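A short write-up of the structure that comes next.
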Amino acid sequence: MHTTKALMLSRSRNPSSSHVLVQLPGAMSLDVVKRLTALRGHPIGMHNEAAMYLLARAVSHSHKVLLTAEGADEIFLGYSRIFRLPFDLHRLALLAALPDVIGRPARRYVGFPKFKPSEFEFFLARYTYFPQAEKLVLATSAWRKGIVHDAGPIDLMINAYHSGGATPVERKRLFFVRRHLPALLEIVDNTTMAAGVESRVPFADHPMEVPLLLIQRDVPDHLSC
């Protein structure tokens, strides 16, 4: 199995392809984060924004437009930890039927939450990089008061998630298309433009996106794994 780096290096040795390896030391340097925050007027929203900015800045020396695969995971159901949610909900229901003395260690063994979550709670735990429960474990008493402010955005997410369809497959698919993808593409545009480069996202182009969404609409819950 190729890692991203191994695949990239193997392709760079192909004489028919032109490949430039860009080293990004200090991709999460505080200076870069401060610059991006100042330009937007709000905190950065993705874990790889600083690296994306530095890569775009390196590209800007020779090109002004670049193609990026951002948006492909959202359209092609690439986040396996999230898009296998219906399958995991089925497994969770089976484990929930067991007595706690057996079910609790079994849930922990397969990486499920210790508690018995609702569908949305399970989705949120997989969706967020830093779940609220982990924040509370690490938080000081003063920080715990600030975390309460998560309640507003979470309420908005609950409404957005449950308005997406009648099945878990439809709900998570439409959440990503309607809520996640527009925000992601805005971040990509802002980050690359901060380096003077215009990004294009061919995987999120309308002629490709619409047929794929129609196909995904007909995927049964038990096959979404």
Side-chain angles (χ1 to χ4, degrees), residues 40-49 68-97 107 110-136 146-191 199 201-225:
R40 274 81 164 291
H42 60 76
I44 61 175
M46 286 198 310
H47 64 286
N48 63 340
E49 273 188 69
T68 172
E70 295 291 346
D73 282 326
E74 288 74 17
I75 301 300
F76 289 91
L77 310 182
Y79 298 110
S80 59
R81 72 184 189 280
I82 296 172
F83 286 110
R84 62 178 290 136
L85 176 66
F87 175 72
D88 283 339
L89 285 171
H90 178 67
R91 291 201 298 168
L92 187 63
L94 294 176
L95 294 176
R107 288 194 296 272
V110 297
F112 289 167
K114 295 179 182 179
F115 59 96
K116 298 176 183 178
S118 66
E119 178 188 327
F120 176 78
E121 289 171 334
F122 200 13
F123 168 79
L124 188 63
R126 295 289 177 87
Y127 178 75
T128 55
Y129 288 108
F130 199 1
Q132 190 179 47
E134 294 183 19
K135 291 182 186 180
L136 292 172
I147 292 176
V148 175
H149 294 299
D150 282 353
I154 289 176
D155 286 341
L156 292 175
M157 287 183 67
I158 291 174
N159 293 330
Y161 181 80
H162 284 292
S163 66
T167 68
V169 170
E170 293 177 355
R171 285 191 282 271
K172 59 184 174 49
R173 176 177 64 84
L174 291 178
F175 177 87
F176 268 88
V177 172
R178 292 174 176 173
R179 309 293 177 175
H180 180 96
L181 187 57
L184 169 66
L185 297 182
E186 181 181 353
I187 288 172
V188 172
D189 184 54
N190 290 339
T191 302
S199 59
V201 284
F203 287 109
D205 197 26
H206 186 265
M208 177 177 289
E209 182 178 352
V210 171
L212 285 169
L213 293 178
L214 291 175
I215 293 172
Q216 293 171 23
R217 181 189 60 187
D218 299 324
V219 176
D221 278 1
H222 67 279
L223 294 182
S224 182
C225 60

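Predicted model, so just to flag it, every value in this text is computed and none were measured. Throughout, numbering of the chain's residues begins at 1 and tracks the sequence.
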Which pair of heavy atoms, one from [X] and one from [Y], lies closest together, and at what distance?
X: Pro202; Y: Thr68; answer: CD-O, 3.4 Å
X: Lys172; Y: Pro86; answer: CE-CD, 3.2 Å
X: Glu74; Y: Phe83; answer: O-CZ, 4.2 Å
X: Ala160; Y: Arg179; answer: CB-NE, 3.4 Å
X: Leu181; Y: Val177; answer: CB-O, 3.8 Å
X: Leu185; Y: Glu70; answer: CD2-O, 4.4 Å

Ring centres under 6.0 angstrom apart (Phe176, Tyr127): yes
[atom1]-[atom2] distance between [X] and [Y], expressed to the nearest 0.5 angstrom:
X: His180; Y: Phe175; atom1: NE2; atom2: CZ; result: 8.5 Å
X: Ile187; Y: Asp189; atom1: CD1; atom2: CG; result: 11.0 Å
X: Arg126; Y: Leu124; atom1: CZ; atom2: CG; result: 12.0 Å
X: Asp88; Y: Phe122; atom1: CG; atom2: CZ; result: 4.5 Å
X: Asn159; Y: Ile154; atom1: CG; atom2: CD1; result: 12.5 Å
X: Leu92; Y: Glu119; atom1: CG; atom2: CD; result: 11.0 Å

Flag for Arg40-Thr191: side-chain donor and acceptor within less than 3.5 Å: yes
Worked verdict on Leu184 versus Val188 for side chain to side chain contact (heavy atoms under 4.5 Å, CB included): CA-CA 6 Å; Leu184 169 66; Val188 172; 4.2 Å; yes
Partners meeting side chain to side chain contact (heavy atoms under 4.5 Å, CB included) with Ala72 (sequence neighbours left out): Phe76, Phe203
Exceeds 12 heavy-atom contacts within 6.0 angstrom, atom NE2 of His90: no
Arg171 side chain vs Ser163 backbone, donor-acceptor pair below 3.5 Å: no
